[in-house]
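We name chains A, B, ... by the order of the sequence lines, and we start the count at 1 in each one.
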Amino acid sequence: MSKNLVIVESPAKAKTIEGYLGKDFTVKSSFGHVRDLPKGDKAIDIKNNFKPTYEISEDKKDVVKDLKKLAAAADVVWLATDDDREGEAISWHLKESLDLNDSKTRRIVFREITKNAILSAIQSPRTIDVDLVNAQQARRILDRLVGFEMSPILWKKIKTGLSAGRVQSVAVRLVVEREREVEGHQAKALYKVTGTFLLDKGKTLQAELGKRFNTEQEAQAFLEDCLKSEFSVKDLEKKPGKKSPAAPFTTSTLQQEASRKLSFSVAQTMTLAQRLYEAGKISYMRTDSVNLSQFAIDAAKTAITESYGAEYSHPRVFKTKSESAQEAHEAIRPTDFTVQTVGGERNEQRLYELIWKRAIASQMADAQLEKTVVTIGISQSQENFVATGEVIKFEGFLKVYLESTDDDEEDEATEDVKGMLPPIDKGQKLGLDQIRAIERYSRPAARYTEASLVKKLEELGIGRPSTYAPTISTIQKRGYVEKENRDGRERKLNELILKGNKITQNTVIENTGQEKMKLFPTDLAMVVNDFLVEHFPTVTDYSFTAGVEKEFDLIAEGKTKWQTMLKDFYTPFHERVELTNAIERSTINTGKELGKDPVTGETIIARLGRYGALVQIGEADEEKGIKPRFASLRKGQLIENITLEEALDLFKLPREVGLFEEKPMVVAIGRFGPYVRHDSKFYSLKKEDDPYTIDDQRAIEIIEGKRQADAEKLIKEFPENPEAKVLNGRWGPYIQFGKLNIKIPKDREPASVTLEEILVWSEGVTAKPSRWGRKAPAAKEPAKKAPAKKAAKKASAKKSATKKVAAKKSVAKEATAKAPAAKKAVAKKKAVAKKKK
DNA sequence: CAGTGAGCGAGCTTCCGCTTGACTT
């Protein structure tokens with residue numbers, strides 16, 4: 001048994017450090033926090049000065065047991081958890097739960113995992129900083145009080161199972177308010193004018209008019225002036241410029257760039273980064289620091305000098321902009337700068353390359369540019385055309401990496417006038433090719449992507465690197481936010497073109513409002529948000545976290561008692577909780593009155609129902625035997641936006657349009673758009689079809705068209721198992737087996753595939769097992785399983801146990817009854833596998 | 001991709017921040 005036990009938070013880190021220290025040191029990991037507040041309401045004794053009770057977390061019992069054994073046998077225990085508030089608290093919890101006494105306990109910290117840093121940390125141990133620990137306790141307790149007092153109000157007043165919290169409620173608020181901003185945006189069109197001028201040797205010059213016109217008349221008048229004008233270079237200005245590289249990645253900037261450049265979700269980015277970290281390829285991936293260790297800066301310098309030359313190297317130290325940063329780690333960087341690519345899955349490689357490029361570029365020289373601005377005068381107008389060009393004199397870091405921006409679309413308007421300009425002289429006369437004036441609509445603020453929401457949260461100091469991804473998934477799991485693609489709609493633009501002494505008018509069609517993987521708030525989010533903002537304005541305020549963080553800092557500095565801080569917060573907060581609890585449920589989700597039914601005169605309202613948003617016509621009247629009519633809102637329709645006309649349209653569908661093969665055809669709009677349903681099969685309508693007016697003839701055409709197309713795709717069927725088919729797909733032939741799609745091995749004749757082979761091949765084909773992926777989709781499963789275990793344990797408490805089991809069985813039955821072909825397929829697969837054995 | 005939709009009400013849900021592990025033939 002070694003004399004020294006070092007405890008860090010992460011096992012990967014433990015492995016690395018063990019290599020740096022001698023044989024006298026054993027390095028183990030705590031796997032993060034080991035103790036937490038228990039779930040129930042006994043966790044915090046509010047009357048007793050917020051005294052917390054802590055419990056060893058269920059999944060850490062074994063960890064603590066092992067550590068305790070090792071600690072007892074060691075002479076000295078080195079608590080080497082992260083150098084921040086949470087890390088200090090982890091050390092304290094370890095000290096408490098491992099029964100460590102002061103004499104054998106040392107607290108050490110380091111912010112980079114290098115041999116020097118570790119060894120010098122060992123040379124200067126300290127004791128646990130109680131004030132910092134208290135700041136963490138205040139943070140933890142405040143979050144629990146906020147979350148566990150506000151959530152139950154939502155259960156009672158809006159819907160069970162909902163949640164609210166210091167971080168998630170602000171995240172939802174951001175998405176809700178952005179949506180209202182977008183919906184409320186009044187697009188205003190201005191005429192943007194671009195000119196194409198002729199130079200020698202067939203070259204042309206693109207330039208944009210400085211002024212934009214409000215109306216077609218003004219644009220027309222300007223073009224008429226141009227008709228009579230001559231054009232010449234009035235001014236020619238060249239000035240040097242430079243671009244500097246961005247800082248190396250933090251968690252948040254990594255998520256943003258991986259989203260923009262690689263289209264990864266924030267969760268996907270973190271999973272891939274975790275794998276790279278565990279493989280020793282990159283430094284720690286949950287960090288808010290842009291700092292690199294001296295070791296890393298030197299290594300980057302060497303790598304850059306070798307690959308690109310000394311003139312490309314420029315060692316830099318970056319400063320964090322964020323006030324909330326705790327900087328317990330380095331920025332995200334490769335552990336070895338000479339490694340440009342790594343093995344592993346393709347996306348892992350892509351993420352690694354991004355990290356490598358960004359870190360290397362951050363230590364490279366500025367790019368030197370020369371900007372040219374050409375001002376073109378118009379003889380009959382005061383206005384000027386301006387052409388700008390940019391020439392790179394020295395690439396510098398651009399040789400490796402260029403950061404992208406959130407509003408790439410914005411560039412589309414100017415891209416045609418950037419780049420290198422042809423040689424031009426001041427005073428030179430220019431021939432005119434054409435001048436084009438086209439309407440350009442103002443754009444509303446962009447809806448958030450997962451990554452841009454993380455960016456916003458970070459700017460507000462809300463959340464931490466380890467919680468960005470979980471927060472984003474929580475607000476989606478709770479049904480507050482949905483990540484979606486939306487089709488744009490066509491918009492007509494008016495265009496005037498002056499060419500060959502003539503002005504002509506055109507209409508150009510552009511697609512506007514198209515969205516890809518953007519966050520949309522649900523009706524539920526609107527209701528919950530408005531409710532919380534009204535009754536808990538302090539907690540839902542964007543600056544609430546920043547405010548309490550300042551208080552936590554005071555506690556950490558020993559200037560405030562944590563109990564005092566909590567009391568000052570809790571007293572007015574809890575008063576609001578009581579007041580809000582007293583509000584009548586019926587006054588909250590009353591919905592929105594849209595107007596009267598023009599036919600019956602009944603009132604129409606839109607409100608949130610058990611299964612989502614609905615429109616209701618009339619109210620129930622038992623005496624008269626009147627029942628209200630209901631219709632669900634469609635994707636993209638929100639309670640607060642829906643108009644009376646749209647609501648009335650909802651009652652026109654589903655609509656029976658006629659009979660075909662003696663079975664009814666029903667037209668409706670589903671999640672994937674308008675469709676005809678016939679014989680429990682769905683047939684999508686074509687874009688040009690209007691579900692409200694489509695007739696039986698056209699519906700039959702669509703059904704027969706689909707059948708025809710399917711028949712053409714079909715290569716082979718198996719009468720003994722209708723689940724299996726060989727089809728011709730977009731990328732060649734494949735096997736459809738229940739809900740599974742199976743590849744056909746190369747150089748295999750698709751028509752000769754047998755059912756036996758399909759059963760064998762289907763073995764390897766399952767839903768791709770992602771590393772943490774099992775957690776999310778299985779969310780319902782453990783929830784069911786957990787009580788099952790409890791029930792088994794409490795076998796003596798018969799009544800409740802049997803009840804629960806019975807309830808569960810019925811759920812399970814339902815699930816299997818609904819389970820589609822795929823399950824049967826699996827069952828069959830198993831049967832075959834058994835036979836083989 | 002359909003159909004449903006208040007009401008009765010046992011006992012459940014929930015926060016944020018650290019970190020990954022693996023019961024079996």
Q: As a test of reading the structure: which of B:dC16, B:dT19, B:dT20 is closest to the side chain of A:K60, going by heavy atoms?
A: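 So the nucleotide nearest the side chain must be B:dT19.
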Q: Is there aromatic stacking of A:F630 on B:dT4 here, judged by a ring-centre distance under 5.5 Å and a plane angle under 30°?
A: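 Aromatic stack with B:dT4 absent for A:F630.
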Q: Roughly how many Å is it from CZ in A:F544 to C1' in B:dC15, rounded to a whole number?
A: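 In whole Å, B:dC15 C1' lies 12 Å from A:F544 CZ.
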Q: Charged N to carboxylate O under 4.0 angstrom, A:D36 versus A:K60?
A: no
Q: At under 4.0 Å between heavy atoms, what does A:G165 touch on the DNA or RNA strands: base, sugar-phosphate, or nothing?
A: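 Sugar-phosphate: the residue A:G165, judged by heavy atoms under 4.0 Å, touches backbone atoms but no base.
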Q: Taking A:E549 first and then A:R85, would you say they form a salt bridge - that is, a charged N and a carboxylate O separated by under 4.0 Å?
A: yes
Q: Assign A:G463 to base, sugar-phosphate, or nothing according to its heavy-atom contacts below 4.0 angstrom with the strands shown.
A: sugar-phosphate
Q: Is there a stack between A:F31 and B:dT19, judged by ring centres under 5.5 Å and planes under 30°?
A: no
Q: Considering only side-chain heavy atoms of A:R286, which listed nucleotide, B:dT20, B:dC15, B:dA2, is closest?
A: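 The nucleotide sitting nearest to the side chain is B:dT20.
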Q: Calculate the interatomic distance between A:L650 atom CG and B:dA2 atom P; express it in whole Å.
A: 13 Å
Q: Remember a base hit wins even if backbone is also touched, and classify A:D82 as base, sugar-phosphate or nothing at under 4.0 Å, heavy atoms.
A: sugar-phosphate
Q: Which one, B:dG5, B:dT14, B:dT20, comes nearest to the side chain of A:S10?
A: B:dT20
Q: With respect to the side chain of A:R166, which nucleotide from B:dG5, B:dT13, B:dG17 is positioned closest?
A: B:dG17
Q: Please give me the minimum heavy-atom distance between A:S97 and A:R35, naming the atom from each residue.
A: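 Scanning both residues completely, I find the closest heavy atoms to be CB-CD, 4.1 Å.
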Q: According to a strict under-4.0 Å criterion, is A:S151 in side-chain N/O contact with OP1 or OP2 of B:dC15?
A: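 For B:dC15, OP1/OP2 do not have a side-chain N/O of A:S151 under 4.0 Å.
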Q: Atom CG of A:L608 and atom P of B:dT4: how far apart are they, to the nearest Å?
A: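 Going from CG in A:L608 over to P in B:dT4 covers 18 Å.
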Q: Could you check A:Q326 against A:R464 for side chain to side chain contact (heavy atoms under 4.5 Å, CB included), going step by step and ending with a plain yes or no?
A: CA-CA 9 Å; A:Q326 306 202 1; A:R464 305 280 313 133; 3.8 Å; yes
Q: Any salt bridge between A:K652 and A:D649, counting N to O under 4.0 Å?
A: yes
Q: Taking any heavy-atom pair under 4.0 Å as a contact, classify A:S29: base, sugar-phosphate, or nothing.
A: nothing
Q: With a cut-off of less than 4.0 Å, is there a side-chain N or O of A:R478 near OP1 or OP2 of B:dC15?
A: yes
Q: Could you work out which one of B:dC1, B:dC18, B:dT20 sits closest to the side chain of A:R464?
A: B:dC18
Q: Determine, for A:F148 and A:R144, whether the Lys NZ or Arg CZ falls below 6.0 Å from the six-membered ring centre while staying within 45 degrees of the axis.
A: yes
Q: OP1 or OP2 of B:dC18 versus the side-chain N and O atoms of A:S466: is any pair under 4.0 Å?
A: yes
Q: Looking only at side-chain atoms of A:T474, point me to the closest of B:dA6, B:dC15, B:dT13.
A: B:dC15
Q: Below 4.0 angstrom from OP1 or OP2 of B:dG5, is there any side-chain N or O of A:R629?
A: no
Q: B:dT14, B:dG3, B:dA2: which one has an atom nearest the side-chain heavy atoms of A:P654?
A: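 Between B:dT14, B:dG3, B:dA2, the one nearest the side chain of A:P654 would be B:dG3.
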Q: Would you call A:K13 and A:D82 a salt bridge, using N to O less than 4.0 angstrom?
A: yes
Q: Between the base of B:dC15 and the side chain of A:R140, is one N or O donor paired with an acceptor at under 3.5 angstrom?
A: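 Result: at least one qualifying N/O pair found.
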Q: Any base atoms under 4.0 Å from A:V146, or only sugar-phosphate, or nothing? Heavy atoms, all strands.
A: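 It contacts nothing in the nucleic acid.
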Q: Given the C1' atoms of B:dG9 and B:dT13, what is the spacing between them in whole Å?
A: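 Straight-line distance between the two C1' atoms is 15 Å.
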Q: Which sits closer to the 5' end of DNA chain B, A:G161 or A:Y683, going by the nucleotide each is nearest to?
A: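 Nearer the 5' end of the strand: A:Y683.
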Q: Under 5.5 Å between ring centres and under 30° between planes: does that hold for A:F148 against the base of B:dC15?
A: no
Q: Examine the base of B:dC16 for any acceptor or donor lying under 3.5 Å from a partner atom in the side chain of A:R144, and report the outcome as yes or no.
A: no
Q: Would you indicate which nucleotide in B:dC1, B:dT14, B:dG17 comes nearest to any side-chain atom of A:T467?
A: B:dG17
Q: Looking for any heavy atom pair under 4.0 Å, which part of the strands does A:A89 touch: base, sugar-phosphate only, or nothing?
A: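 The residue A:A89 makes no contact with any strand.
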Q: Between B:dG5, B:dT20, B:dC16, which nucleotide gets closest to the side-chain atoms of A:Q274?
A: B:dT20
Q: When we call it a touch if two heavy atoms are under 4.0 Å apart, what does A:E149 touch: a base, just sugar-phosphate, or nothing?
A: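 Nothing, no nucleic acid heavy atom in range.
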Q: Among B:dT19, B:dC18, B:dA2, which nucleotide sits nearest the side chain of A:Y284?
A: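 For the A:Y284 side chain, the nearest candidate turns out to be B:dT19.
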Q: Using a cut-off of 4.0 Å on non-hydrogen atoms, how would the nucleic acid contact of A:P11 be classed: base, sugar-phosphate, or nothing?
A: sugar-phosphate
Q: If you compare every side-chain N and O of A:Q616 against the phosphate oxygens of B:dG5 (OP1, OP2), does one of them come in below 4.0 Å?
A: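 The answer is no; no side-chain N or O of A:Q616 sits under 4.0 Å from OP1 or OP2.
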